[in-house]
2 protein chains.
Amino acid sequence: MVRMAAQTQPKQSEAKLLVVEDDANILELLSASLRFAGFDVSTATSGSAAVSAAKNTTPDLVVLDVMLPDLDGFEVIRLMREGGQRTPVVFLTARDGTDDKIRGLTLGGDDYVTKPFSLEELTARIRAVLRRTTQGDDEPSRLVFADLELDEETHEVYRAGQRVQLSPTEFKLLRYLMLNANRVLSKAQILDHVWKYDFRGDDNIVESYISYLRRKVDNVQPRLIHTLRGVGYVLRKPAV
Amino acid sequence: MVRMAAQTQPKQSEAKLLVVEDDANILELLSASLRFAGFDVSTATSGSAAVSAAKNTTPDLVVLDVMLPDLDGFEVIRLMREGGQRTPVVFLTARDGTDDKIRGLTLGGDDYVTKPFSLEELTARIRAVLRRTTQGDDEPSRLVFADLELDEETHEVYRAGQRVQLSPTEFKLLRYLMLNANRVLSKAQILDHVWKYDFRGDDNIVESYISYLRRKVDNVQPRLIHTLRGVGYVLRKPAV
DNA sequence: GCTTGCCTGCACGGTGCCTGAAAGTTTTCT
DNA sequence: AGAAAACTTTCAGGCACCGTGCAGGCAAGC
């Protein structure tokens, strides 16, 4: 009897996040999905509001849009840290332009994600930064399911002990499947989480990448990636 | 024209729903059957009315047509959640050519159903979302009747411990029978709940699917699916 | 025995999914 | 900077499965 209890929430750290973003749609997107991922989320829509919110709520991490109406992201951080608190940051930044300043900040243990991003990308970065900055490393960086292993830091993947090379998208898809092992995921759900939020293609791309993944990591017994026709895909050990 | 027999209420969570839909026919269909399914239903026919209704009645879940005369579904959600309440949503969306706007519907534990849908499909999604977003998950995802087991999340079905593979329609029909175990269901009733609301075929298809189900899940003793000639079908343990 | 309702085998067309290939894009290398 | 490689995305053919209608046969009840 190997049936697993259905879990309702992805298991995540219950860290306090402050999300700072002036675009209302993106803010809603972020707060809804980060909250669902198990984070304790508060929000701000301007730099000055962010500074005072950070003083009051002392978040464990700040998700910060670099481009804000009043202050720019770096100013916000400078002001926040003047009070002595050394809160880690994940920046949200537009693709071009100020890459240099951002790059410098990653040296201090912070990180950044360029817009448009996928939610898996963002939550992966958040978890990585929290993992790094939290002493007493509770969360391991290695996901394991059956004889499948995936290292979130080194991006190495093994199936049955064999090293497998994956492209960036293949890696993100597999990580999403592994984080949600035994849970059925629809193509829409996969698209919403693994692909960038501005992707305007159709579901078939998910089928393509499932196909690529099967060829690379699911070409041995037992098969772990299963199709549920009309429903979605699921990563699980075959029924007895 | 929804045919409904007089019967006692199916046991369901007594959750408060807000149904937002501008098509009067569909709104009537939805509110009648969801009310009958045991939900506490209130309605709105425009986005702005929905926002204020949500503020006043604080529903546990919102059933929301994406295409509304005034605001689009995302705007409605954003405005509703600005007050800090995190209400889950099941979106209703048209499945025509320009699939443009159907991204982001599965984020934050929300879900969506494409028109035309069947009522069972919709209530199944509603229950799934409520199950996911309610802490202290009381409702299990597994239906059990005699030695028949059906998992709503993984779509697995077992009879007498044996795994059985069902097609999507077979699965929906069996779920409907199990949710209404010991209750006699007419063919018209089954058609109204399990088939999409625009289905214009004849009753014989129900007979066909009952036949398929019997072959797959009722081929052992004791027989659970019974015909009441001239009346309908019922799932029950043989008479005492 | 006859009528009526139900059961089920069969066939046809549609749908969902898989995958190879090509086109378009980004990244890396020289 | 330009060329090459790797990667992402789209397209189309193929295949298995599924939904639906039809029709012949069977069982129940008058």
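Just so it is clear: chains get the letters A, B, ... in the order the sequence lines come, proteins before strands, and each one is counted from 1. Values in this document were obtained by computation on a predicted structure and should not be read as measured data.
B:E207 is linked by a side-chain contact (heavy atoms from CB on, under 4.5 Å) to B:K187, B:N204, B:Y233, counting only residues two or more places apart in sequence or in another chain. Partners of A:D147 under the salt bridge (charged side-chain N to carboxylate O under 4.0 Å, His left out) rule, at least two apart in sequence or in another chain, are A:R159. For B:S118, the side chain to side chain donor-acceptor pair (under 3.5 Å) partners at least two apart in sequence or on another chain are B:E121. With sequence neighbours left out, A:A24 forms a side-chain contact (heavy atoms from CB on, under 4.5 Å) with B:R78. Every residue two or more places apart in sequence or in another chain was checked for a side chain to side chain donor-acceptor pair (under 3.5 Å) with A:D203, and none qualifies. Partners of B:K115 under the salt bridge (charged side-chain N to carboxylate O under 4.0 Å, His left out) rule, at least two apart in sequence or in another chain, are B:E21, B:D65.
Whole-Å rounding puts the A:I210 CD1 to C:dC17 P distance at 11 Å. Between B:L228 atom CG and D:dG29 atom P there is a gap of 11 Å when expressed in whole angstrom units. Rounded to whole angstrom, the span from the CZ atom of A:R214 across to the P atom of C:dT19 amounts to 7 Å. The CG atom of A:D218 sits 12 Å away from the P atom of C:dC18 (whole-angstrom rounding). Distance A:I225 CD1 to C:dC18 P: 10 Å, rounded to the nearest Å. Atoms CG (A:L213) and P (C:dC18) sit 12 Å apart, rounded to a whole Å. Between the CD atom of A:Q165 and the P atom of D:dA6 there is a distance of 11 Å, rounded to whole Å. One atom, CZ of A:F171, and another, C1' of D:dT8, lie 18 Å apart when rounded to the nearest Å.
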Under a 4.0 Å heavy-atom criterion, the protein footprint on nucleotides 16-24 of chain D, written with B, S and -, is B-SBBSBB-
Base versus backbone protein contacts along nucleotides 23-29 of chain C [heavy-atom cut-off under 4.0 Å; B, S, -]: -------
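With salt bridges taken as basic N to acidic carboxylate O contacts below 4.0 Å, one links A:R127 and A:E152.
Listed pair B:R215 / C:dC7 fails the phosphate criterion, with no side-chain N or O lying under 4.0 Å from OP1 or OP2. Remark: B:K187 is in phosphate contact with C:dC6, judged by side-chain N or O atoms under 4.0 Å from OP1 or OP2.
If you check the side chains of A:R214 and A:T227, you find a donor sitting under 3.5 Å from an acceptor.
Within the nucleic acid shown, A:K196 has no heavy atom closer than 4.0 Å to any nucleic acid atom. Residue A:Y233 is in sugar-phosphate contact alone, with no base atom involved, counting any heavy-atom pair closer than 4.0 Å across all strands shown.
Residue pairs satisfying the ring-ring contact (aromatic ring centres under 6.0 Å, His included) criterion with at least one member in residues 202-221 of chain B, sequence neighbours excluded, are listed as follows: B:W195-B:Y209, B:Y209-B:Y212.
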